[in-house]
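Atom set for the values below is all heavy atoms of this structure, side chains included, hydrogens, waters and symmetry mates excluded.
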Amino acid sequence: MIIRPLAAGLSAAALALALTACGSDSSEDKKDSKADGSTASVATIADGKLTVCSDVPYAPFEQEDASAPSGFSGFDIDVIQYIADGLGLELSVVPTAFAPIQSGAALNASQCDVAASAITINEERKANLDFTDAYFDSEQSLLVPEGSDIASIADLDGAKVGVQDATTGQAYATDNAKGAEIVAFPDDGKMFQAIKSGAVDALLQDLGVNALHQTEGGFTIVETYDTAEQYGFAIKKGNTELLEAVNEQLAEMRESGEYDTVHAKYFG
Ligand code: ARG
């Protein structure tokens, strides 16, 4: 596996780190040496791997994909795959429920190094985990079956609205959907089944995911809510070495134009 040459913007701290690593022969460095002779740039929970928790399905951000190297693809996965490649690590995706991802529990239990799960950066979560630089802008949205009487959030009074447990969409619905019965589901797969079967009248969640359901046919987005959300990758609190390494790869991905290529692949 190839570690890309770092862009000119290599930070002084990273340079110092790289120089230290070259000049030392501690067992710590040996542990990180890989079979092909290259050296992993950061310590991870499983040698040679970047283990990533993700709540799947959440297309177009994360979905199973037998044709992808990790068995998963999507905007988040493609970005984190690029980052793993840049760090000389093999990407290993561990499907994980969203509640323990966003609470920090999965990271604290060392189930993964990074969580890549369309996670909105917010203060409450920052108390329990660290976020990388933002990599995607999002907002909330309301999806209904075509021909529904529901045209706005006010029309949810007396109706059932599906949300995903422990998400910002659940919080938005709780605060704003007056008189609605809010039904929480463990994942988007269950939510989409519920709106298809008529078990709920609407879905309130991140725009990108509802937008894909709309293109799948039979459903329409009647409102969007500009919540100015931004997604970040989550890392165990205090793991600044990995946080900085991921941020550096992310910056390099933007500089190289590869971020735009991946963005265009999923969002046109
Ligand atoms: N952005 C929203 C949040 O942070 C929803 C994320 C859900 N992600 C997922 N992979 N299911 O709460």
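The CG atom of Leu143 lies 12.0 Å from the CG atom of Asp201; values are rounded to the nearest 0.5 Å. Note that the CD1 atom of Ile83 and the CG atom of Asp78 stand 11.0 Å from one another [nearest 0.5 Å]. Rounding to the nearest 0.5 Å gives a distance of 9.0 Å between OG1 of Thr51 and CD of Glu90.
Between Val79 and Leu250 there is a side-chain heavy-atom pair separated by less than 4.5 Å. The side-chain heavy atoms of Thr227 and Thr168, taken from C-beta on, include no pair separated by under 4.5 Å. The shortest distance between side-chain heavy atoms of Thr261 and Glu258 falls below 4.5 Å. Counting only heavy atoms from C-beta outward, the side chains of Ile77 and Val56 never approach each other to under 4.5 Å. Between Val209 and Met191, every side-chain heavy-atom pair lies at or beyond the 4.5 Å cut-off. Between Gln164 and Asp55 there is a side-chain heavy-atom pair separated by less than 4.5 Å. Contact of the Leu129 side chain with the Lys237 side chain is not registered, since no non-hydrogen atoms from C-beta on lie closer than 4.5 Å. For the pair Lys178 and Asp157, the minimum side-chain heavy-atom distance is 4.5 Å or more.
Residue-environment remark: CD (Glu146) exceeds the threshold of 12 foreign heavy atoms within 6.0 Å. More than 12 heavy-atom neighbours from other residues, nucleotides or ligands sit within 6.0 angstrom of CG on Asp175.
Phe267 and Phe136 have tilted rings, their planes meeting at an angle from 30° to 60° on a 0 to 90° scale.
Under the 4.5 Å side-chain heavy-atom criterion for ILVMFWY residues, no single connected hydrophobic cluster contains both Val114 and Phe98. No continuous path of ILVMFWY side-chain contacts below 4.5 Å connects Val144 to Leu203, so the two sit in separate hydrophobic clusters. Hydrophobic clustering of Ile, Leu, Val, Met, Phe, Trp and Tyr side chains at less than 4.5 Å, counting indirect connections, keeps Ile195 apart from Val161. Under the 4.5 Å side-chain heavy-atom criterion for grouping Ile, Leu, Val, Met, Phe, Trp and Tyr, Ile235 is not connected to Ile101 through any hydrophobic cluster. Linking ILVMFWY residues whenever their side-chain heavy atoms come closer than 4.5 Å, directly or via other members, leaves Leu207 and Leu204 in distinct clusters.
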Given Gln205 and Thr167, is the side chain to side chain donor-acceptor pair (under 3.5 Å) satisfied, shown in steps? CA-CA 8 Å; Gln205 65 175 338; Thr167 62; over 6 Å; no
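For residues 167-186, the pairs satisfying ring pair (Phe, Tyr, Trp, His ring centres under 6.0 Å) are Tyr172-Tyr225, with sequence neighbours left out.
Looking at Gln214 and Asn210, their side chains never bring a donor and an acceptor atom within 3.5 Å of each other. No donor-acceptor contact under 3.5 angstrom links the side chains of Asp76 and Tyr58, judged on distance only. Counted by atom type alone, Asn176 and Gln140 present zero donor-acceptor pairs between their side chains at under 3.5 Å. In summary, the side chains of Gln111 and Thr96 do not present any donor paired with an acceptor at a separation below 3.5 Å, with no hydrogens or angles considered.
Of all the heavy atoms in Ala99 and Asp165, the pair that sits closest is CB-OD2, 4.0 Å. Between Ala84 and Leu91, the shortest heavy-atom contact is CB-CB, 4.1 Å. Minimum interatomic distance between Ala245 and Val42 (heavy atoms only, all atoms of both residues): CB-CG1, 3.6 Å. Of all heavy-atom pairs between Lys236 and Ser110, the closest is NZ-OG, 4.3 Å.
Between Tyr135 and Tyr259, the distance separating the two ring centers is not shorter than 6.0 angstrom.
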